[in-house]
Amino acid sequence: MEIVTTGLMFPEGPVAMSDGSVLVVEIARGTLSRVLPDGEVEVVAEPGGGPNGAAIGPDGKCYICNNGGFEWTERRGRIYPGDQAADYRTGRIERVDLDTGAVEVLYEAADGVRLRGPNDIVFDATGGFWFTDHGKTRPRERDRTGVFYAKADGSFIEEVIFPLEAPNGIGLSPEEDELYVAETPTGRLWAFSLAAQGRLLGERADRPDGGRLVRGREGYFLFDSLAVDAAGNVCVATIIDGGITVLSPTGGEPGFVPLPDRITTNICFGGKDLRTAYVTLSSTGQLVSIPWETPGLPLNFLNK
């Protein structure tokens, strides 16, 4: 493991760019930032609230899941997100021009239902995108949320899967015939067969959303965001024991790569042949890189 940079304010949503830089959101700072190869950090945009997941869209702009903001606590020099921020307005999907830093709000609701805490995002080959709504917590209650599909031009958004338990990481299989969604509190990874872009294949008698549980690890942990590798394995950032859980949707033996932060939140692939994993260690404010045995899956509009 190599430390790329430190001093970030709860980084998430890494996007490894072709010039060797890595975009990250700094949730506690309310920014989209760029980490240069030498570790220098530049602020690209200041959307405020709680910028969370990020992805490059078909127009070359960066699409952000903004969760609306958290209350923050500090313990032993580390920061942790908590309940919904006191100045919370709403969750939203935003589009950022990487050249100018201009931030545009694309979606705040779907069919009259307000977005609560959008979290992670992935684009399919047609230019549409899936995203999770993790919801927000308050002292005595928590939102019930799901998974949405939307178009990048702002013309269409639909909640496709509801409800899930605080859905977080999201990704597509190499053939884009399955959608993967990680639930945070349950430590579960669900696979949903797709009929077409934005559409599930069918239903299952015991779950109207048609999900299939992917074989996981034993023990107590929480799941955060994820990335898919070229072999189709799902690499899920893992909280509590801290690291990357590697799961095979076809049922292979689970793997685990431990890392030195209990709040390991996200992973993306970059570098030569996508064989470098960039991982956000959020409570300690670090972006690190790790040589990865299996190359990452090329992402639409970024690596393809």
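For reference, positions follow the sequence shown, starting with 1.
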Do N119 and E12 pair up side chain to side chain, a donor and an acceptor below 3.5 Å, judged on atom types alone? no

Check L189, V257, T264, T238 against T245 for a side chain to side chain contact (heavy atoms under 4.5 Å, CB included) and give me the one that passes. T238

Smallest heavy-atom separation, G169 atom then T132 atom, equals O-CG2, 4.1 Å

Anything under 30° is parallel, anything over 60° is perpendicular, the rest tilted; go ahead and classify F223 against F221. tilted

Are there more than 12 heavy atoms of other residues, nucleotides or ligands under 6.0 Å from atom NZ of K304? yes

Is it the case that atom CG in D111 sees more than 12 heavy atoms from other parts of the structure closer than 6.0 Å? no

Would you indicate whether the side-chain heavy atoms of F269 and P295 approach each other to under 4.5 Å? no

Going by atom types only, do E26 and S33 share a side-chain donor-acceptor pair under 3.5 Å? yes

Neighbour count above 12 (heavy atom, 6.0 Å) for E42 CD: yes

Determine the minimum heavy-atom distance between L115 and Y107, stating which atoms define it. CD1-O, 3.8 Å

Measure across T265 and S282 and return the closest heavy-atom pair with its distance rounded to 0.1 Å. OG1-OG, 2.6 Å

For side chain to side chain donor-acceptor pair (under 3.5 Å), just list the numbers for T294 and N233, CA-CA rounded to whole Å, side-chain angles, deciding distance to a tenth of an Å, and then say yes or no. CA-CA 9 Å; T294 304; N233 300 304; 4.9 Å; no

Check E293 with R275, please: is the shortest side-chain N to carboxylate O separation under 4.0 Å? no

Salt-bridge present (E40, R34; N to O < 4.0 Å): no

Is E108 salt-bridged to R89, going by a charged N under 4.0 Å from an acidic O? yes

Go through the steps to decide whether E165 and R144 satisfy the test salt bridge (charged side-chain N to carboxylate O under 4.0 Å, His left out), and finish with yes or no. CA-CA 7 Å; E165 290 294 324; R144 298 183 76 204; 5.9 Å; no

Could you tell me whether D241 and R217 make a salt bridge, using a distance below 4.0 angstrom between a side-chain N and a carboxylate O? yes

Could you tell me which non-hydrogen atom of V4 sits nearest to which non-hydrogen atom of L36, and how far apart they are? CG1-O, 4.4 Å

With side chain to side chain contact (heavy atoms under 4.5 Å, CB included) as the test, pick out the partner of L194 among L201, L200, D124. L200

Enclosure of E46 CD (heavy-atom neighbours >12, cutoff 6.0 Å): no

Cationic tip of R75 above Y80 ring, under 6.0 Å, 45° of axis: yes

Show your working on salt bridge (charged side-chain N to carboxylate O under 4.0 Å, His left out) between E178 and R212 and close with a plain yes or no. CA-CA 10 Å; E178 282 197 322; R212 169 175 58 84; 2.4 Å; yes

Specify whether F129 and Y63 have parallel, tilted or perpendicular ring planes, treating 30° as the upper limit for parallel and 60° as the lower limit for perpendicular. tilted

Regarding T280 and N266, is there a side-chain donor-to-acceptor distance under 3.5 Å anywhere? no

At their closest point, which heavy atom of G57 faces which heavy atom of F301, and how far apart are they? O-CB, 3.4 Å

May I ask you to decide whether R116 forms a salt bridge with D143, counting only side-chain N to carboxylate O separations under 4.0 Å? yes

Residues S283 and D261: side-chain donor-acceptor under 3.5 angstrom: yes

Should the pair E158-K151 be classified as a salt bridge under the 4.0 Å nitrogen-to-oxygen rule? no

Quick one, W130 with F123, criterion ring pair (Phe, Tyr, Trp, His ring centres under 6.0 Å). Give me CA distance, side-chain angles, the key distance, then yes/no. CA-CA 6 Å; W130 294 91; F123 276 90; over 10 Å; no

Any chance you could lay out the side chain to side chain contact (heavy atoms under 4.5 Å, CB included) test for I93 and N66, step after step, and finish with the verdict? CA-CA 6 Å; I93 301 298; N66 194 315; over 6 Å; no

Closest non-hydrogen atom pair, L172 against V228: O-CG2, 3.6 Å

